[in-house]
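Before any comments, here is the structure.
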Amino acid sequence: MTSHKVRFGILLVGFLAALSTYPCEEAKDTSRLAIAGGSLTEIVYLFELENLIVAVDTTSLYPDSAQDFPSIGYVRALSTEGILSTAPTLLLIEDDAGPPHVLQQLENLELDIRTVPEVQTTAGIIEKVDCVASILGVSEETQQLVRASFESEIARLDGTQKALQEVEAAVIFGINDGIPTVGGLETAGNSILTMIGVKNVFSTLSGWKPVSLESMVKANPQVLVLPQRALNDASGQELIIQSKSIRMTSAGKDERYVVVDTMALLGFGPRTLKTAADVAEKIIEMINETKESS
């Protein structure tokens with residue numbers, strides 16, 4: 001089996017190959033940075049460059065101090081006036097930021113806009129962090145220290161893969177009138193389950209989809225991963241647990257739920273590697289507890 005250090009080296013080679021195809025070159029002026037995307041804000045803080053920030057979007061919730069900056073709105077509903085009012089010299093955005101006409105207007109005004117690539121994998125997180133670092137002119141030495149800090153989390157994920165390969169799970173993004181919304185293919189929910197190494201019981205679906213009682217029972221996940229947002233939208237964990245759709249699954253009957261901060265789980269930023277490893281180890285613990293009690 002490939003060791004985690006060799007795997008990490010392979011990931012970095014992949015990043016270097018991808019770098020030439022994305023706009024990750026160093027920006028000319030980073031003195032006034034506006035950010036649209038919570039994961040990007042986290043990366044800027046990771047490199048202790050928050051002094052450059054003049055504004056963030058509403059998904060920039062971590063760390064708490066990021067919420068003290070002026071807001072430029074929601075990442076997918078930005079406005080030209082809102083951004084220009086903060087007089088940025090550089091706009092850093094996630095690849096789903098928009099709307100397109102706003103970004104086009106800003107480009108016409110010659111604002112330096114950098115779209116950071118989003119690949120929802122372990123390699124993609126490293127690529128994203130390195131891209132932001134390159135744009136902001138972070139030294140290679142500092143970048144290497146940050147990369148090294150990821151090694152232990154990658155090792156933890158490598159160490160849980162075998163134990164989880166037969167486990168079936170689902171990510172519940174919300175519940176409305178007792179009907180859960182689950183993550184199918186092409187969602188961050190599916191990507192995080194893939195990273196953890198479990199099977200997504202809703203991999204036949206695409207996108208975030210509400211599912212019927214019958215579909216939920218047929219899929220029968222052993223474990224449910226619940227982003228904190230799902231609990232907030234449902235006014236608490238109890239409403240989800242008491243939902244008939246949930247109670248009739250193996251996860252519901254054995255009360256195997258993992259509740260995680262939404263951005264840490266689905267943002268694919270610096271915290272996601274550790275979060276994925278934590279969730280993987282928690283799932284193994286719950287599965288083992290069930291086996292011991294049966």
Side-chain angles (χ1 to χ4, degrees), residues 38-39 58-59 61-62 74-76 96 118 120-121 160 164-269 271-272 275-290 293-294:
S39 68
T58 57
T59 69
L61 301 174
Y62 182 89
Y74 178 56
V75 62
R76 297 179 190 173
D96 61 349
E118 172 91 346
Q120 294 177 342
T121 61
T160 58
L164 291 172
Q165 59 186 356
E166 298 301 324
V167 176
E168 298 183 331
V171 176
I172 306 294
F173 197 62
I175 191 162
N176 186 23
D177 293 331
I179 300 174
T181 295
V182 303
L185 295 178
E186 300 179 357
T187 67
N190 181 72
S191 297
I192 201 67
L193 295 181
T194 300
M195 180 181 289
I196 292 168
V198 297
K199 296 180 179 180
N200 182 2
V201 296
F202 292 107
S203 60
T204 57
L205 302 179
S206 181
W208 295 101
K209 293 289 194 303
V211 292
S212 65
L213 170 64
E214 292 76 11
S215 296
M216 197 73 189
V217 172
K218 182 178 180 180
N220 195 31
Q222 296 169 271
V223 178
L224 292 177
V225 180
L226 306 174
Q228 187 64 44
R229 171 176 171 170
L231 306 189
N232 295 341
D233 289 349
S235 300
Q237 184 171 340
E238 195 63 28
L239 284 180
I240 290 183
I241 293 174
Q242 293 305 317
S243 166
K244 188 175 182 180
S245 289
I246 303 302
R247 286 190 289 110
M248 293 184 68
T249 66
S250 176
K253 292 173 184 176
D254 293 323
E255 297 185 353
R256 290 192 291 260
Y257 313 105
V258 185
V259 181
V260 194
D261 175 88
T262 304
M263 276 300 296
L265 181 73
L266 303 179
F268 284 84
R271 293 183 293 160
T272 300
T275 300
D278 288 345
V279 171
E281 291 175 354
K282 179 63 177 177
I283 291 174
I284 290 174
E285 179 184 333
M286 290 190 298
I287 294 295
N288 288 339
E289 287 176 353
T290 301
S293 62
S294 61

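Just so you know, these numbers come straight off a predicted model, no measurement behind them.
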* Dump the intermediate steps for side-chain contact (heavy atoms from CB on, under 4.5 Å) on V225 and L265, then the final yes or no. => CA-CA 10 Å; V225 180; L265 181 73; 3.7 Å; yes
Rounded at 0.5 Å granularity, tell me how far [atom1] in [X] sits from [atom2] in [Y].
{"X": "R271", "Y": "D278", "atom1": "CZ", "atom2": "CG", "answer": "11.5 Å"}
{"X": "T275", "Y": "F268", "atom1": "OG1", "atom2": "CZ", "answer": "10.5 Å"}
{"X": "T272", "Y": "M263", "atom1": "OG1", "atom2": "CE", "answer": "7.5 Å"}
{"X": "Y74", "Y": "T58", "atom1": "OH", "atom2": "OG1", "answer": "7.0 Å"}
{"X": "Q120", "Y": "T194", "atom1": "CD", "atom2": "OG1", "answer": "10.0 Å"}
{"X": "K209", "Y": "T204", "atom1": "NZ", "atom2": "OG1", "answer": "10.5 Å"}

* Would you find more than 12 non-hydrogen atoms of other residues, nucleotides or ligands less than 6.0 Å from E285 atom CD? ->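 Counting neighbours around CD of E285, more than 12 heavy atoms of other residues, nucleotides or ligands fall under 6.0 Å, so yes.
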Do the side chains of [Y] and [X] get nearer than 4.5 Å, heavy atoms only?
{"X": "D96", "Y": "E118", "value": "no"}
{"X": "V211", "Y": "P180", "value": "yes"}
{"X": "I283", "Y": "V258", "value": "yes"}
{"X": "S191", "Y": "E186", "value": "no"}
{"X": "I192", "Y": "M195", "value": "yes"}

Strictly distance-based, threshold 3.5 Å: is any side-chain N or O of [X] a donor or acceptor partner for the main-chain N or O of [Y]?
{"X": "T59", "Y": "G38", "value": "yes"}
{"X": "T249", "Y": "S245", "value": "no"}
{"X": "N200", "Y": "G183", "value": "yes"}

* To do: Can you sort out the partners of K244 under side chain to side chain contact (heavy atoms under 4.5 Å, CB included), two or more places apart, ordered by chain and number?
  =>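 Result, side chain to side chain contact (heavy atoms under 4.5 Å, CB included) vs K244: L213, R247, M248.
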* side chain to side chain contact (heavy atoms under 4.5 Å, CB included) partners of A280, counting only residues at least two apart ->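 With neighbours one apart ignored, the set is T160, L164, I196.
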* Assess whether side-chain contact (heavy atoms from CB on, under 4.5 Å) is satisfied between L226 and V260, documenting all intermediate values. => CA-CA 6 Å; L226 306 174; V260 194; over 6 Å; no
* Asked: Just by distance, with hydrogens left out, do S212 and S215 show a side-chain donor and acceptor under 3.5 Å apart?
  ->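 Side chains of S212 and S215: pair found under 3.5 Å.
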* Donor-acceptor side-chain pairing of R256 and S250 below 3.5 angstrom ->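 Note: R256 and S250 side chains meet the donor-acceptor criterion.
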Search all heavy atoms of [X] against all heavy atoms of [Y] and return the closest pair with its distance.
{"X": "T187", "Y": "G184", "value": "OG1-O, 2.6 Å"}
{"X": "S39", "Y": "G267", "value": "CB-O, 3.4 Å"}
{"X": "L266", "Y": "P227", "value": "CD1-CG, 3.9 Å"}

* **Full working for side-chain contact (heavy atoms from CB on, under 4.5 Å) between N190 and F202** => CA-CA 8 Å; N190 181 72; F202 292 107; over 6 Å; no
Show me the donor-acceptor pairs within less than 3.5 Å that the side chains of residues 165-178 make with the rest of the protein, sequence neighbours left out.
residue, atom, partner, partner atom, Å
E166, OE1, K199, NZ, 3.3

